[in-house]
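Here is the naming used below: chain letters follow the sequence lines, and residue numbers restart at 1 for every chain.
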Amino acid sequence: MRFRFASALAVLCLFPLRLAGQDTIPTGVRVGLTYDPSTRPGVFITAVAGDLVDSVRAMIARNLDFGDRLTVVNAEAGPPPAGRFNYELYGKLGASAVVQAAMTRQGSLHVAVHDVAAKRVLNVGDFAFNGAADFSPAWRMVVHRASDEVERWITSIRGVAATRILFVRDQRLWIVDSDGANLTPLGVGGIALSPAWHPTGRYVAYAQMADDGTHIVVRDLTTGQSRRLTDLGGSNITPTFSPDGSTLVYSAGDDGTDLYAVSPFGGDAPRRVTFGRGTPTSSPSFSPDGRKIAYISGRPGHPEVYITDADGTNAELLTEAPSGDQPYRANPDWSPDGRAVAFTSQEGPNLQVMVINMRDRRIRQLTGDARNEDPSWAPDGRHVVFTSTRSGAKQLWVLDTESGRTRQLTRGAGAARMAAWSPRMEQP
Amino acid sequence: MHARIRILALSAIALSAVVTTACRKKPEVAPPPTPVAKPFNQDSADAAERAKRAAADAAAKAAAEKAAAEAAARMAAAVSAAKAAFAAPVYFDYDKSDIRDDQKTTLEAKIPVFQANADMRIRVAGHTDNRGSDEYNLALGQRRAAEVKRYLVARGIAEGRIDVVSFGEERPAVAQDNEDAWAKNRRDEFEIIAGANPFKLPR
């Protein structure tokens with residue numbers, strides 16, 4: 001502890017003036033570095049003073065790397081910087097920015113970001129661990145939030161490290177941090193499918209399958225309490241929350257299925273949204289303004305992606321006329337910036353992840369290797385998590401839709417599928 | 001005390017008398033045949049005849065019991081065959097929910113079972129193969145179950161007797177990835193959930 005304190009002090013002494021001005025630099029205001037989205041500026045992460053040094057540095061480096069907006073300069077950290085901050089050296093290493101972090105005596109992670117070209121501190125922030133034990137899930141989330149802020153300071157776009165992904169493995173719900181750590185069963189009984197996040201990140205909804213039918217359950221992750229939402233018999237499937245969190249839309253019906261809207265916390269009767277006249281309908285996804293819903297309808301004789309106003313009017317086919325002899329399009333997920341809808345399409349022998357631009361309706365194929373399906377957007381509107389068989393059994397993979405870079409999120413036995421990317425986790 | 005002992009003793013004597021009488025009565029139940037010629041040893045001949053008759057009776061009884069058991073077994077087999085026939089799945093084409101012509105015989109065979117068991121209620125469960133979207137398959141399975149219900153209702157079965165559910169691709173009949181497995185997994189299953197105990201065979 002004393003070592004940590006002493007080291008932290010040593011680091012803090014490096015830029016006392018900047019620290020003194022810490023509160024006067026508004027977060028999010030860029031004072032020097034110009035970020036060009038078409039490049040990945042180099043960022044160097046110095047050794048982290050204090051305990052757990054390598055772990056914190058490694059976590060921040062991995063988070064920035066996974067963010068796909070910065071190139072982490074791969075060089076030995078050396079000792080924590082002391083004396084004059086050597087901007088020239090970092091410049092020679094290819095770094096446009098330097099991240100300097102330290103564990104503080106007050107139980108927080110102190111982070112400074114330097115602009116190498118301007119030779120000045122770009123921004124600083126203090127991220128309290130609030131007593132979370134080292135390496136606990138809450139502790140890790142604090143480091144993730146710090147990484148996300150660093151990404152925002154440098155690129156003006158906040159990272160998505162402080163997020164989690166809910167998914168189904170062996171018909172049970174699991175949750176994993178966006179970096180693949182902290183894999184935990186959610187602990188709900190029975191067969192659980194199609195998990196969805198409430199926009200606060202506090203609640204999740206899912207479909208629970210039993211012998212006599214499937215029901216929608218809303219679970220409070222804070223209290224662990226679950227509540228069965230529908231009691232209509234038959235199939236009640238594929239729940240999703242509206243962006244304001246006040247409405248839950250799901251698919252249900254005895255003869256075919258249609259979309260219904262209901263309050264997620266009870267008190268009203270389900271209101272019918274679509275009228276599919278006995279065709280299968282499922283997998284709704286709201287536009288970020290809450291005005292429209294994308295969903296699958298089997299109305300053309302095979303599944304296609306439709307969009308409708310949230311009140312059920314103005315339904316239209318979103319995905320254009322089929323290519324190939326077995327047209328099949330499914331699992332729409334509206335991007336958080338509203339610009340695109342990701343979906344699954346039968347392309348040749350396999351399903352592939354596609355994205356349609358909502359402005360010009362141009363469709364782009366994002367995957368091509370093995371079977372890839374069921375995309376879910378990250379809150380940055382850039383990454384998607386999806387199910388792929390490229391490593392053998394179904395596992396979750398993360399794709400950067402800008403660069404095409406992918407990484408494997410889940411490993412281990414049992415098919416992983418039906419991923420839902422959380423909103424940013426604001427609280428530890 | 002003495003009185004009680006006496007009563008017990010008397011009871012014992014009375015009981016033994018009853019038992020003895022009962023035992024003696026037995027030969028009288030089956031009267032011997034009218035003697036035609038004086039046999040060499042009447043007693044042993046009578047005993048042999050009695051044994052023969054007893055054996056014949058036992059054989060007849062055993063045969064009757066066997067016949068009854070066989071009939072019951074045949075009935076049970078017929079019931080379980082009829083139940084199995086009733087449970088026979090109906091199969092679908094890929095991504096389709098309309099009932100194939102070659103599956104209508106299977107469905108028609110279920111109608112007499114509904115007629116014979118007027119209180120019977122069933123659950124039709126729609127299933128899919130695992131090729132498409134997991135979520136859309138839940139909706140498609142529901143549609144398949146609903147389509148079969150519609151057919152049965154059109155053939156006169158009361159709507160309230162048929163529940164429909166979907167298991168999508170979550171409960172495959174054959175957990176493999178090939179054409180044969182997929183064809184077996186695209187199905188509706190039929191489960192009797194009430195009102196058929198005892199199960200009546202259709203005429």
Option in A:Asn331, A:Ile191, A:Val168 with maximal non-hydrogen atom pairs under 4.5 Å from chain B = A:Asn331
key: Donor-acceptor pair, side chain of B:Gln142 and main chain of A:Gly253, under 3.5 angstrom   = yes
task = Please state whether the side chain, the backbone, both or neither of A:Ala415 comes within less than 4.5 Å of a heavy atom of chain B.
result = neither
Distance, nearest 0.5 Å, that separates OG1 of A:Thr257 from OH of B:Tyr136 = 8.0 Å
request  = Answer yes or no: is there a side-chain heavy-atom contact under 4.5 Å between A:Thr281 and B:Arg143?
outcome  = no
query = Does the side chain of A:Ser194 pick up a donor-acceptor pair with the side chain of B:Glu135 at under 3.5 Å?
reply = yes
task = Using the six-membered ring wherever Trp is involved, compare the ring planes of B:Tyr94 and A:Tyr328 and label them parallel, tilted or perpendicular (cut-offs 30° and 60°).
result = parallel
message = Tell me which of these, B:Ser133, B:Gly126, B:Ser97, has more heavy-atom pairs under 4.5 Å with chain A than the rest.
response = B:Ser133
ask   = Which atoms of B:Asp163 come close to chain A, meaning under 4.5 Å heavy atom to heavy atom: side chain ones, backbone ones, both, or neither?
value = neither
key: Any side-chain heavy-atom pair of A:Asn350 and B:Arg131 under 4.5 Å   = no
ask   = Charged N to carboxylate O under 4.0 angstrom, B:Arg171 versus A:Asp211?
value = yes
request  = Apply the test salt bridge (Lys or Arg N to Asp or Glu O under 4.0 Å) to residues A:Asp212 and B:Arg123: give CA-CA distance (whole Å), side-chain angles for both, the deciding distance (0.1 Å), then the verdict.
outcome  = CA-CA 8 Å; A:Asp212 62 348; B:Arg123 183 182 295 136; 5.4 Å; no
ask   = Is it the side chain or the backbone of A:Thr387 that comes within 4.5 Å of chain B heavy atoms, both, or neither?
value = neither
